[in-house]
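First the structure, in the form of structure tokens, and then the observations on it.
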Amino acid sequence: MKTPVAILGATGAVGQHFLSLLADHPQFEIVGLFASRPRPHIPATSWVASLPPPADLERRPVETLSVDAVRASGAKAVFSALPASVAGPLERELADAGVAVFTNASAHRMDADVPILIPEVNAPHLDVCKPGSAPLVANSNCSASGLAVVLSALLLILSHPPFDF
């Protein structure tokens, strides 16, 4: 059984990228697309993401973003491509309402109970998520992610001889 998910900020470039990545995902089913302005769908002519659009793109309505609308969609988790100014209060409210939030925004990166997750480097950091609510997880700054992955690999190599530098 797939986990029902929604995409917040679905009409922007990052939201469209999420949509492409999740369209035929083996573990997730997209049950809602949300943006600040509703649309009957995302027109193929306005597709800006580097990955190709999903085949059913023009049959997916884009709903007005609100906590109630996301909850009504049945989503158990959201992938957020919202700008930081919008993301802050809305993402926290969703997490407190029991919807797991995985955000691309910087709004919560300094919150003590929000892990900045780079799965290849620090997956156990999910343990710091706020007890009693759904997780709110942020990704790192894009330039920091690549650097952290490389440094983590180097640390692993250097901590396991026979390499002699």
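Only this structure's heavy atoms are used, side chains among them; waters, hydrogens and symmetry mates stay out.
In this structure a side-chain-to-backbone donor-acceptor pair under 3.5 Å is present from Ser20 to Pro52. Between the side chain of Lys2 and the backbone N or O of Ile30, no donor-acceptor pair lies under 3.5 Å. A side-chain donor-acceptor contact under 3.5 Å links Gln16 to the backbone of Ser46. Checking side-chain atoms of Glu63 against main-chain N and O of Phe34 turns up no donor-acceptor pair under 3.5 Å. A distance-only check finds no donor-acceptor pair linking the side chain of His17 to the backbone of Ser50 [under 3.5 Å]. Checking side-chain atoms of Glu120 against main-chain N and O of Val149 turns up no donor-acceptor pair under 3.5 Å.
Here the straight-line distance linking atom CD1 of Ile118 with atom OG of Ser145 works out to 4.5 Å at 0.5 Å rounding. With values rounded to the nearest 0.5 angstrom, Thr103 atom OG1 is found 11.0 Å from Arg92 atom CZ. Interatomic distance, CH2 of Trp47 versus CD of Glu58, reported as 10.5 Å (0.5 Å rounding). Here the CD1 atom belonging to Ile7 is positioned 8.0 Å from the CZ atom belonging to Phe18, to the nearest 0.5 angstrom. Note that the OG1 atom of Thr3 and the CD atom of Glu29 stand 9.5 Å from one another [nearest 0.5 Å]. To the nearest 0.5 Å, the span separating CG on Asn122 from OG on Ser140 amounts to 8.5 Å.
Hydrophobic clustering, with ILVMFWY side chains joined whenever heavy atoms are under 4.5 angstrom apart, groups Phe28 together with Phe102. Transitive grouping of hydrophobic side chains (ILVMFWY, heavy atoms separated by less than 4.5 Å) keeps Val137 and Val121 in distinct clusters. At a threshold of 4.5 Å between side-chain heavy atoms, the hydrophobic network of Ile, Leu, Val, Met, Phe, Trp and Tyr places Val31 and Val5 in two separate groups. By the rule that hydrophobic residues join a cluster once side-chain heavy atoms approach within less than 4.5 Å of another member, Leu57 and Leu22 end up as members of one cluster. The hydrophobic clustering, which links ILVMFWY residues whose side-chain heavy atoms are closer than 4.5 Å, places Leu33 and Leu21 apart.
Annotation: side chain of Arg59 is not in contact with side chain of His41 (no heavy-atom distance under 4.5 Å). A 4.5 Å side-chain heavy-atom check between Leu65 and Leu82 finds at least one atom pair inside the cut-off. Put simply, the side chain of Ile116 does not reach to within 4.5 Å of the side chain of Asn141, judged on heavy atoms.
Closest approach of Val62 and Ala35 over heavy atoms only: CG1-CB, 3.6 Å. When all heavy atoms are compared, the tightest approach of Pro4 to Gly74 is CG-O, 3.4 Å. In terms of heavy-atom proximity, Ile42 sits nearest to Ala10 at CD1-O, 3.4 Å. Closest of all the heavy-atom pairs between Gly9 and Ala81 is O-CB, 4.1 Å. The two atoms that bring Ala84 and Ser106 nearest to each other are CB-OG, 3.7 Å, heavy atoms only.
In this model, a donor atom of one side chain and an acceptor atom of the other lie less than 3.5 Å apart for Asn139 and Arg109.
When the shell of 6.0 Å around CG of Asp24 is examined, it contains 12 or fewer heavy atoms from other residues, nucleotides or ligands. Within 6.0 Å of CZ in Arg71 there are 12 or fewer heavy atoms belonging to other residues, nucleotides or ligands.
With Val101 as reference, Leu136 is the one residue of Val114, Leu90, Leu136 to meet the side-chain contact (heavy atoms from CB on, under 4.5 Å) rule.
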